[in-house]
Undergrad: 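Sharing a structure with you now.
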Amino acid sequence: MAYDLKRAPNAAASSEGPKRVLVMDKCDKSAVEVLSKAGIQADEKSGLSEAELIEIMPQYDAMVVRSATKVTAAVIQAATKMKIIGRAGVGVDNIDIPAATNQGVVVVNSPQGNTTSAAEHTWAMIMSMARQIPQAHNKLKQGVWDRKSFMGMEMENRTLGILGFGNIGKRVAKYGLAFGMKVMAYDPFVTAEQGAKLHVTMAEMSEIFAAADVITLHLPSIKETQKIINATTIATMKKGVILANVARGECVDEAAVAEAVKSGHVARAALDVFAPEPLAKESPLLECDNIITTPHLGASTQEAQVKVAVDVCEQIREVFNGGAAHAALNIPTMKAHLIDPVKHLLSIAEKLGCVMVQLAEKKIKSIGLDVCGVPENANLSPVTTCFLKGFLSRISMDSSVNFVNAPALIKVHGIDVDAKYEPHENFEKCVSATAVFEDGSKLQLAGSHFDTTKSDRLLEIDSLPLDVTLKGWMLFVRYPDKPGMIGRVGSVIGNHNINISVFQVTPTEAAGAAMVVAMESELTEDMLAGLKKEIPEITSARIVLV
């Protein structure tokens with residue numbers, strides 16, 4: 001047997017009591033109510049160490065965190081029941097997404113919940129710098145009426161440079177345009193055409209550094225953005241530039257910014273985030289009057305706190321109810337806009353994968369999927385993912401396979417999988433899967449979903465036509481063309497008190513014929529061995545559970 005198969009029927013919904021969610025970092029109570037109203041138990045905790053988290057994680061099916069809790073690989077590994085982790089906010093630097101993906105745990109965030117809050121705070125910081133409001137306020141508190149020392153600058157006709165043009169960056173741009181500014185933005189994932197629709201000029205970072213009067217950061221903390229604002233990049237900026245960072249502290253070299261402000265090359269700077277946090281009392285940033293600092297307040301509005309927490313809890317509720325999370329970060333192949341053009345073929349793709357692995361008598365080197373009945377330019381990744389989920393679901397070692405980890409798990413088996421649009425000569429819409437074994441031989445299956453009968457049907461095996469619904473226990477037999485084979489196979493199965501619901505036989509080819517028998521109960525491996533012994537003409541016989 002090529003793969004160690006498991007043939008137990010797919011588990012039904014868990015009956016071990018209500019789902020439990022660990023809610024960390026003091027999320028808003030209305031979010032907890034979303035869970036409790038759905039019959040989900042929510043346990044609120046905070047300030048737990050990694051060791052304390054590891055100890056309690058096996059109890060929980062989901063987890064909600066803000067930025068304070070670090071969800072490490074060790075924490076995820078301990079979470080043996082975990083299905084989904086929700087980040088009540090945007091940034092997920094504190095969650096080990098690769099570890100979650102490998103374990104089949106969905107990671108979601110709330111990409112728009114704090115957009116308004118963060119964008120408004122960005123502009124509060126920029127305008128506070130432009131008009132030197134904190135400095136003037138402090139002087140006035142000291143009893144000094146000083147109107148001459150705090151000359152401001154207007155935003156109209158100035159150039160705003162935005163690094164990172166996601167939801168928050170776009171909102172910051174909208175506000176900048178309202179001030180009458182020219183807006184430039186850098187983002188490797190946004191095209192010039194997309195920017196132009198928002199009246200924004202997409203540019204390289206170097207161009208923004210050279211042209212912008214105000215530069216604001218809205219970048220994630222990744223390897224490529226670490227200290228992207230440093231002494232070298234600051235030197236390329238216009239003298240008198242204003243800098244704002246309400247994104248991630250790791251993106252800025254704080255010492256370089258402090259030095260640039262002291263020298264006057266950077267007129268003023270405003271930072272809401274730092275690396276590490278909290279900001280050290282001896283930080284050079286606190287030595288400069290022209291640097292404004294706030295303690296990570298970008299998302300700190302009542303409205304934002306409620307929005308992001310409620311959003312992730314609603315996503316957790318949807319996943320527990322069998323639905324989809326709208327902001328899943330580690331299921332890129334299963335986004336709604338990708339699924340829609342191919343959704344009618346997803347269930348048959350999954351079942352073909354399930355059947356193929358059970359029919360494989362040798363190790364598979366590669367699998368090619370030919371898909372038709374969809375737009376030629378459709379993204380076929382959802383079809384591939386569903387096929388892989390079905391394929392891996394019957395391999396014992398991959399008991400926790402799902403849409404999250406299927407693409408990663410198939411690599412463990414060393415199988416290359418490719419999908420392409422390819423019309424089929426016999427069918428208008430179908431998925432045809434061809435496995436190439438290590439010895440060069442092949443196995444081909446084709447099937448389609450029929451809306452009228454709401455059934456997934458196998459239509460070809462090695463190009464031999466048939467028509468059988470893929471459901472329950474099935475027996476696949478290959479044999480040479482010889483009279484009486486159907487009766488002999490049926491008789492052996494009947495002797496085991498197994499009812500046959502469907503008997504399908506393909507036309508005879510040079511290599512023989514194929515027989516597919518749908519049964520109402522299991523034919524065991526011992527029974528199968530007896531069948532082969534009693535009918536030695538059978539060249540291949542495989543039990544399949546769909």
Side-chain angles (χ1 to χ4, degrees), residues 117-163 172-173 175-184 208-218 227 229-247 249 251-275 277-298 300-301:
S117 177
E120 288 184 355
H121 191 66
T122 298
W123 273 104
M125 299 287 272
I126 291 173
M127 294 310 297
S128 291
M129 289 187 291
R131 301 308 297 265
Q132 301 185 72
I133 293 172
Q135 296 91 331
H137 171 73
N138 288 335
K139 204 67 173 286
L140 196 56
K141 284 186 68 176
Q142 296 169 14
V144 180
W145 185 267
D146 182 359
R147 299 180 62 195
K148 296 181 180 180
S149 300
F150 305 109
M151 188 61 63
M153 60 179 282
E154 297 179 359
M155 293 295 105
E156 189 175 18
N157 297 322
R158 300 277 186 175
T159 298
L160 172 65
I162 302 172
L163 306 185
V172 170
Y175 298 160
L177 291 167
F179 276 114
M181 302 183 79
K182 175 185 176 182
V183 181
M184 304 173 69
I208 292 175
F209 290 156
D213 300 294
V214 178
I215 296 175
T216 176
L217 277 67
H218 302 284
K227 294 189 177 180
I229 301 301
N230 53 56
T232 301
T233 54
I234 290 172
T236 67
M237 298 177 189
K238 291 174 66 174
K239 182 175 174 58
V241 68
I242 286 179
L243 292 178
N245 184 19
V246 187
C251 298
V252 170
D253 184 333
E254 296 169 3
V257 169
E259 189 59 37
V261 171
K262 290 177 182 178
S263 72
H265 189 81
V266 173
R268 302 176 191 103
L271 297 95
D272 181 54
V273 288
F274 312 93
E277 293 183 350
L279 182 64
K281 293 180 179 180
E282 60 274 13
S283 170
L285 297 173
L286 300 178
E287 300 172 2
C288 304
D289 290 337
N290 284 338
I291 295 179
I292 300 170
T293 56
T294 52
H296 205 146
L297 302 179
S300 294
T301 62

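Quick caveat, the model's predicted, so the values are computed rather than measured.
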Undergrad: Working to the nearest 0.5 Å, report the span between OH of Y175 and CE of M127.
TA: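 Between atom OH of Y175 and atom CE of M127 there are 14.5 Å.
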Undergrad: Find the distance between CD (Q135) and OG (S149) and round it off to the nearest 0.5 Å.
TA: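 Rounded to the nearest 0.5 Å, the CD-OG separation comes out at 11.0 Å.
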Undergrad: Before giving the answer on side chain to side chain contact (heavy atoms under 4.5 Å, CB included), spell out for V214 and M155 the whole-Å C-alpha distance, their side-chain angles and the decisive distance to 0.1 Å.
TA: CA-CA 9 Å; V214 178; M155 293 295 105; 4.3 Å; yes
Undergrad: Distance check, rounded to the nearest 0.5 Å: L285 atom CG versus L279 atom CG?
TA: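 Answer rounded to 0.5 Å: 6.0 Å.
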Undergrad: For I234 and V266: C-alpha separation, side-chain torsions, deciding distance, then whether side chain to side chain contact (heavy atoms under 4.5 Å, CB included) applies.
TA: CA-CA 8 Å; I234 290 172; V266 173; 3.8 Å; yes
Undergrad: When rounded to the nearest 0.5 angstrom, what is the spacing between NZ in K238 and OG1 in T159?
TA: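 K238 atom NZ to T159 atom OG1 measures 6.0 Å (nearest 0.5 Å).
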Undergrad: Looking at L160 and W123, what are the two nearest heavy atoms and their distance?
TA: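 L160 and W123 have their closest heavy atoms at CD2-CZ2, 3.8 Å.
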Undergrad: What are the two closest heavy atoms between M129 and L243, and how far apart are they?
TA: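 Scanning both residues, the minimum pair turns out to be CE-O, 3.4 Å.
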Undergrad: What pair of heavy atoms forms the shortest contact from L217 to I229, and how long is it?
TA: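 Heavy atoms of L217 and I229 come nearest at CD2-CG1, 3.7 Å.
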Undergrad: E277 side chain to F274 main-chain N or O, any donor-acceptor pair under 3.5 Å?
TA: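 Yes, E277 side chain to F274 backbone: donor-acceptor pair under 3.5 Å.
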Undergrad: Would one find more than 12 heavy atoms of other residues, nucleotides or ligands at under 6.0 Å from atom CD of E287?
TA: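 More than 12 within 6.0 Å, yes.
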Undergrad: Do L163 and I215 have side-chain heavy atoms sitting under 4.5 Å apart?
TA: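 With C-beta onward as the side chain, the pair touches.
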Undergrad: Please step through side chain to side chain contact (heavy atoms under 4.5 Å, CB included) for the pair E120 and T301, ending with a clear verdict.
TA: CA-CA 10 Å; E120 288 184 355; T301 62; 5.6 Å; no
Undergrad: Considering non-hydrogen atoms only, spot the tightest contact between V261 and A269 and give its length.
TA: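 Distance-wise, the nearest heavy atoms are CG2-CB, 4.2 Å.
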Undergrad: At their closest point, which heavy atom of G264 faces which heavy atom of K239, and how far apart are they?
TA: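 Looking at all heavy atoms of both residues, the closest pair is O-NZ, 3.5 Å.
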Undergrad: Taking side chain to side chain donor-acceptor pair (under 3.5 Å) as the definition, give me every residue that meets it alongside T233, ordered by chain and number, with sequence neighbours left out.
TA: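 So T233 forms a side chain to side chain donor-acceptor pair (under 3.5 Å) with N230.
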Undergrad: Where do P134 and S128 come nearest, in terms of heavy atoms and distance?
TA: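 Taking P134 first and S128 second, the nearest heavy atoms are CD-O, 3.6 Å.
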Undergrad: I'd like to know if the side chain of D213 and the backbone of R158 have a donor-acceptor N/O pair within less than 3.5 Å.
TA: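 The answer is no, because no donor-acceptor pair under 3.5 Å joins these two groups.
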